[in-house]
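In what follows, a structure is listed as structure tokens, so that the remarks can point back to it.
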Amino acid sequence: MTELKIAVPVNTDKSINTGFGKSFAIVTCNDTQIDETTIYSAATDSQEAIITELKNQNIQALLCKNADYKLLTYLEEQNIPIFRINANSTTIEEAANDHLNHKLAPIVKMFTCGGACDY
């Protein structure tokens, strides 16, 4: 079995956060099944420090609805890929299963005429 740990930003009610935030559902999967979901709350507001903490927990992917250029840069530095959660995914389990079934697109950094965007 291959273990995979993914992080999903969540609100206090465990719904998917539309941004990055400080709380994450840590989903541990084996092959194509979810084994365990725990909640992790960061002790800092710093995106860079939070991503380092996630890396230290062996997170192998981040699933997110939105990401800014700075977040993408920090994730890239830690070699953590990020995938966009589908609009119709409303729960942590749906988002994780979409990732396990290769239904999520990676978010990549792109430059545009006035700055950076995440699509």
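For the numbers below, each heavy atom of this structure counts, side chains included, while hydrogens, waters and symmetry mates do not. Numbering of residues begins at 1 and proceeds along the displayed sequence.
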Can you get from [X] to [Y] by hopping between Ile, Leu, Val, Met, Phe, Trp and Tyr side chains that sit under 4.5 Å apart?
| X | Y | result |
| --- | --- | --- |
| I85 | L72 | no |
| L54 | L4 | no |
| I59 | L71 | yes |
| V108 | F83 | no |

Identify the heavy atoms of [X] and [Y] that sit nearest to each other, and give their distance.
| X | Y | value |
| --- | --- | --- |
| R84 | K65 | NH1-O, 2.8 Å |
| E93 | T37 | OE2-OG1, 4.5 Å |
| I16 | S89 | CD1-O, 4.0 Å |
| G21 | I50 | O-CD1, 3.8 Å |
| I51 | Q78 | CG2-CG, 3.7 Å |
| P9 | L63 | CD-O, 2.9 Å |

Practice prompt. For D13, enumerate each residue passing the salt bridge (Lys or Arg N to Asp or Glu O under 4.0 Å) test, keeping only those at least two apart in sequence or located in another chain.
Written response: none
Fill in: Pairing residues for K103 by the salt bridge (Lys or Arg N to Asp or Glu O under 4.0 Å) criterion, not counting sequence neighbours
none
Item to complete: Go through the steps to decide whether I80 and Q60 satisfy the test side chain to side chain contact (heavy atoms under 4.5 Å, CB included), and finish with yes or no.
Response: CA-CA 6 Å; I80 300 174; Q60 295 152 299; over 6 Å; no
Fill in: ring-ring contact (aromatic ring centres under 6.0 Å, His included) contacts in which one or both residues fall within residues 10-38, not counting sequence neighbours
F20-F24
Are the side chains of [Y] and [X] in contact, using a 4.5 Å heavy-atom criterion?
| X | Y | result |
| --- | --- | --- |
| L62 | I6 | no |
| L100 | C29 | yes |
| L104 | D98 | yes |

Residues two or more places apart in sequence or in another chain: which of them pass side-chain contact (heavy atoms from CB on, under 4.5 Å) with [X]?
| X | answer |
| --- | --- |
| N88 | N86 |
| A105 | none |
| T38 | I26, E36 |

Fill in: Pair E94, T90: side-chain N/O donor-acceptor within cut-off below 3.5 Å
yes
Discussion item. As a quick check of understanding, evaluate side chain to side chain contact (heavy atoms under 4.5 Å, CB included) for N17 and V10, giving each step before the final call.
Written reply: CA-CA 5 Å; N17 189 329; V10 294; 5.5 Å; no
Non-neighbouring partners of [X] that pass side chain to side chain donor-acceptor pair (under 3.5 Å), sequence neighbours left out:
| X | result |
| --- | --- |
| T12 | none |
| K14 | none |
| N97 | none |
| T73 | K109 |

Worksheet item: Can you check side-chain hydrogen bond (donor to acceptor under 3.5 Å, both in side chains) on N66 and T18, steps first, answer last?
Response: CA-CA 6 Å; N66 298 298; T18 58; 4.8 Å; no
Worksheet item: Residues two or more places apart in sequence or in another chain: which of them pass ring-ring contact (aromatic ring centres under 6.0 Å, His included) with Y74?
Response: none
Response to the item:
For residues 15-29, the salt bridge (Lys or Arg N to Asp or Glu O under 4.0 Å) pairs (sequence neighbours left out) are K22-D45
Between [atom1] on residue [X] and [atom2] on residue [Y], distance to nearest 0.5 Å:
| X | Y | atom1 | atom2 | value |
| --- | --- | --- | --- | --- |
| S15 | I92 | OG | CD1 | 8.0 Å |
| E48 | K70 | CD | NZ | 9.0 Å |
| H99 | T32 | NE2 | OG1 | 12.5 Å |

Discussion item. Would the distance check show the side chain of K5 and the main-chain N or O of Q57 forming a donor-acceptor pair, the cut-off being under 3.5 Å?
Written reply: yes
